[in-house]
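In the text below, chain A, chain B and the rest are named by the order of the sequence lines, each starting its count at 1.
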Number of protein chains: 2
Amino acid sequence: MTIFQTIAYDLSRRISDGEFPIGGSLPSEHQLAIHYERARGTVRHALNLLASRGMLVARQGSGWFIQSTLQQHGFTQLRSFAQWALTKGMKPSGRVVSSATMTASPAQARAFRLDTLQSVLRVVRIRGLDGREIMCERTVYAPWLVDMIASLPGDEVSVVQALEERFGIVTAHADHSIDAVAASSEDARLLGVRRSSPLLRVRRHSFAKDGRPMESGDDRYLPGSVAFEVASSLASSTLSRTIS
Amino acid sequence: MTIFQTIAYDLSRRISDGEFPIGGSLPSEHQLAIHYERARGTVRHALNLLASRGMLVARQGSGWFIQSTLQQHGFTQLRSFAQWALTKGMKPSGRVVSSATMTASPAQARAFRLDTLQSVLRVVRIRGLDGREIMCERTVYAPWLVDMIASLPGDEVSVVQALEERFGIVTAHADHSIDAVAASSEDARLLGVRRSSPLLRVRRHSFAKDGRPMESGDDRYLPGSVAFEVASSLASSTLSRTIS
DNA sequence: AAGTGGTCTAGACCACCGT
DNA sequence: CGGTGGTCTAGACCACTTT
C-alpha cells in the first residue's frame with residue numbers, strides 16, 4: 001500500500017462516514033498535507049484518485065468538493081460473489097448442480113492458452129442471496145486448477161476465498177463482458193423462470209498474478225437482483241462498449 | 001495549452017504518424033525529458049494522459065508501450081453513442097421520438113440537486129447502427145442545459161459532441177448502472193420486439209467538469225447488439241456490483 | 001490581498017525487469 | 001547489475017476565486 005493510496009483510503013472512509021457532507025468542501029491541500037505530514041504532491045495524487053472515482057471534484061481557486069459519498073467498492077468484491085454479498089450484509093449460498101472434467105474445446109484451449117488437449121473442469125452452480133436463488137454460474141477452470149477445485153466441498157460458499165487461503169492463488173485481473181440474454185430452457189429450469197425471460201449475463205475471464213488464465217465463467221442473474229455499476233471519468237476508465 | 005498537454009499532443013501525433021509501431025516502446029522517460037527539455041514529472045504527466053486514453057501502457061521496469069494508434073478510447077467513447085459507433089467504423093443514427101419540458105419530479109430534483117421546482121427536458125430517442133435500430137434512450141436534461149439541447153436539430157447524431165463544440169460543455173464523469181429488464185409495452189413498440197422480451201438496460205448520471213449534474217439517462221439495447229466490457233485489476237477498478 | 005488549486009522543477013529512493 | 005517506471009519531497013510560480 002503506497003502512501004497516496006493510504007491517504008485516499010482514509011479520506012474515502014471519512015467522506016462515507018459523513019465527516020464531510022455532499023456539496024461541502026475538504027480542507028485545503030496545504031492543510032491536508034500538514035495533517036498527513038506528507039508533501040502536497042502526494043496529497044494531490046490521492047485526491048486525483050478519488051476524483052477519478054467520482055467522489056470528489058476540484059474547483060480551481062476554490063477547493064475540493066464532495067460529489068458523492070458512495071464507496072465505489074472495487075475489484076476485491078467483484079472477484080467473488082460470496083465476498084461481495086458479505087460486505088453488503090447478505091448471506092450468500094451456493095450449491096453445485098454438476099461438475100465434470102472434459103477435454104478442452106478449441107475455444108477453451110485458446111482462452112486458457114493450452115498447446116495440447118488437456119482436461120478442464122466445468123462446474124455449474126446455483127447461487128443464492130439470503131436464501132433466494134438468483135443466479136446460475138457456469139465456470140470452466142484451467143487444467144492447473146482442476147485438482148484444487150475438485151478438493152473443495154460442493155457447498156463451499158466462496159471458491160475464490162478458498163483458493164486464496166488454502167493454495168495462495170489470487171485473482172489479480174479479470175475481463176468482464178456484460179449483456180442481456182433470454183433464458184435458455186436449462187436456465188429456466190435452474191432458476192425457476194419461464195423460458196426466454198430476461199437474464200443479465202456476465203461473461204468473465206480471470207487471471208492470476210503471473211498472468212496465467214484461471215477460469216472462464218458465464219453468470220446469469222435474475223433481473224432485479226443485482227446491477228453492475230461503473231464510475232468512469234475523463235481521467236481514467238476501464239469500461240468500454242463493444243459490438244456483439 | 002500547458003506544457004504537458006503540448007508534449008502529449010506531440011507524442012500522440014508521432015504515434016499516429018507511425019513513428020512508433022503498435023507493440024513497440026517509446027524512449028525512456030529520462031530520454032523524453034531530455035528531448036523535450038522538461039522535467040521528468042512533466043513528461044510523466046503527458047504519458048499518463050495518453051495512457052488514460054488507451055494509447056499507451058506502462059510496464060514497470062520495462063518501458064512505455066504503444067497500445068493503439070487510434071485516438072479516442074475508453075470514456076470518450078462511452079460518453080457518446082455516436083462517437084463510439086464512428087470509432088468502430090459503423091454509422092450511427094438517431095431520431096427524436098418525443099421531447100417535452102416538465103417540472104422536475106422529486107427524484108429528478110434530487111438527482112439534479114435543485115432547490116425549487118424547475119423545468120427539465122425529457123427526450124426519447126431511437127438510436128441505430130448501420131441502419132438497424134437497436135436502442136431506445138430516455139434522457140432527462142438538467143435545467144441549465146434545456147435551452148442548449150432545445151436549440152439542436154432533432155436528428156443531431158451526437159448530442160454530446162454538439163454540446164462540446166458549440167457550448168464548450170464537456171462530460172467529465174458518469175456513473176453507470178447496468179442490468180437486464182423485460183421490455184415494457186412502450187419499449188416493445190419502439191424497438192419492434194415482443195413485450196417482456198429481454199433488454200440490456202444502462203442507467204446513467206453524467207456530470208460536467210465542475211461537478212454539475214448534466215443528464216440522467218435510461219438506455220435499453222436489444223440483446224446481441226452491444227455488450228459492455230470492463231477490465232478490472234487488483235490495482236484499480238471502477239466496477240462494482242450492487243443489489244437492486 | 002489572501003487563499004485556493006494547477007503546473008512545473010530537480011532532485012531522491014524504491015520495486016521491478018532484463019541481461 | 002544497470003535501466004526502467006512508480007513514488008515521494010520541498011520547494012516555486014501561475015491562474016483563479018473569494019473576501
Any [X] side-chain nitrogen or oxygen under 4.0 Å from OP1 or OP2 of [N]:
X: B/R59; N: D/dG5; result: no
X: B/S28; N: D/dT4; result: yes
X: A/T42; N: D/dT9; result: yes

Checklist entry - Looking at the side chain of B/R38, which of D/dT9, D/dA15, C/dT9 is the nearest nucleotide? => result C/dT9
Item to check | Candidate nucleotides D/dT9, C/dT7, D/dC16, ranked by approach to the side chain of A/A39 - the nearest | outcome: D/dT9
Over how many whole Å does the gap from [X] atom [atom1] to [N] atom [atom2] extend?
X: A/M1; N: C/dC14; atom1: CE; atom2: C1'; result: 18 Å
X: A/E37; N: D/dA10; atom1: CD; atom2: P; result: 11 Å
X: B/R44; N: C/dG11; atom1: CZ; atom2: P; result: 18 Å
X: B/L49; N: C/dT7; atom1: CG; atom2: P; result: 10 Å
X: B/I3; N: C/dT7; atom1: CD1; atom2: P; result: 11 Å
X: A/N48; N: D/dT7; atom1: CG; atom2: P; result: 13 Å
X: A/E29; N: C/dG5; atom1: CD; atom2: C1'; result: 5 Å
X: B/H30; N: C/dA10; atom1: NE2; atom2: P; result: 13 Å

Next on the checklist: Quick check on DNA chain D: between A/T2 and B/S62, whose nearest nucleotide comes earlier from the 5' end?
Outcome noted: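 Its nearest nucleotide lies further toward 5', so the answer is B/S62.
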Checklist entry - Is the shortest side-chain N to carboxylate O distance from A/D17 to A/R14 below 4.0 Å? => result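 So A/D17 does not pair with A/R14 through a salt bridge.
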Next on the checklist: Under 4.0 Å, counting only non-hydrogen atoms across every strand here, what does B/L47 touch: a base, just sugar-phosphate, or nothing?
Outcome noted: nothing
Checklist entry - Per the atom types in the model, does the base of C/dG6 pair as donor or acceptor with the side chain of A/R40 at under 3.5 Å? => result yes
Checklist entry - Any chance CZ of B/F167 has more than 12 other-residue heavy atoms, nucleotides or ligands included, within less than 6.0 Å? => result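 Enclosed: over 12 neighbouring heavy atoms sit under 6.0 Å from CZ of B/F167.
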Next on the checklist: Tell me if the centroids of the rings in A/F228 and A/Y221 come within less than 6.0 Å of each other.
Outcome noted: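 Close enough - the centres of the two rings lie under 6.0 Å apart.
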Checklist entry - Any idea which heavy atoms bring B/G211 and A/Q67 closest together, and the distance? => result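 The answer is O-NE2, 2.9 Å.
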Item to check | B/R212 to B/W144 six-membered ring, cation-pi geometry met (6.0 Å, 45°) | outcome: yes
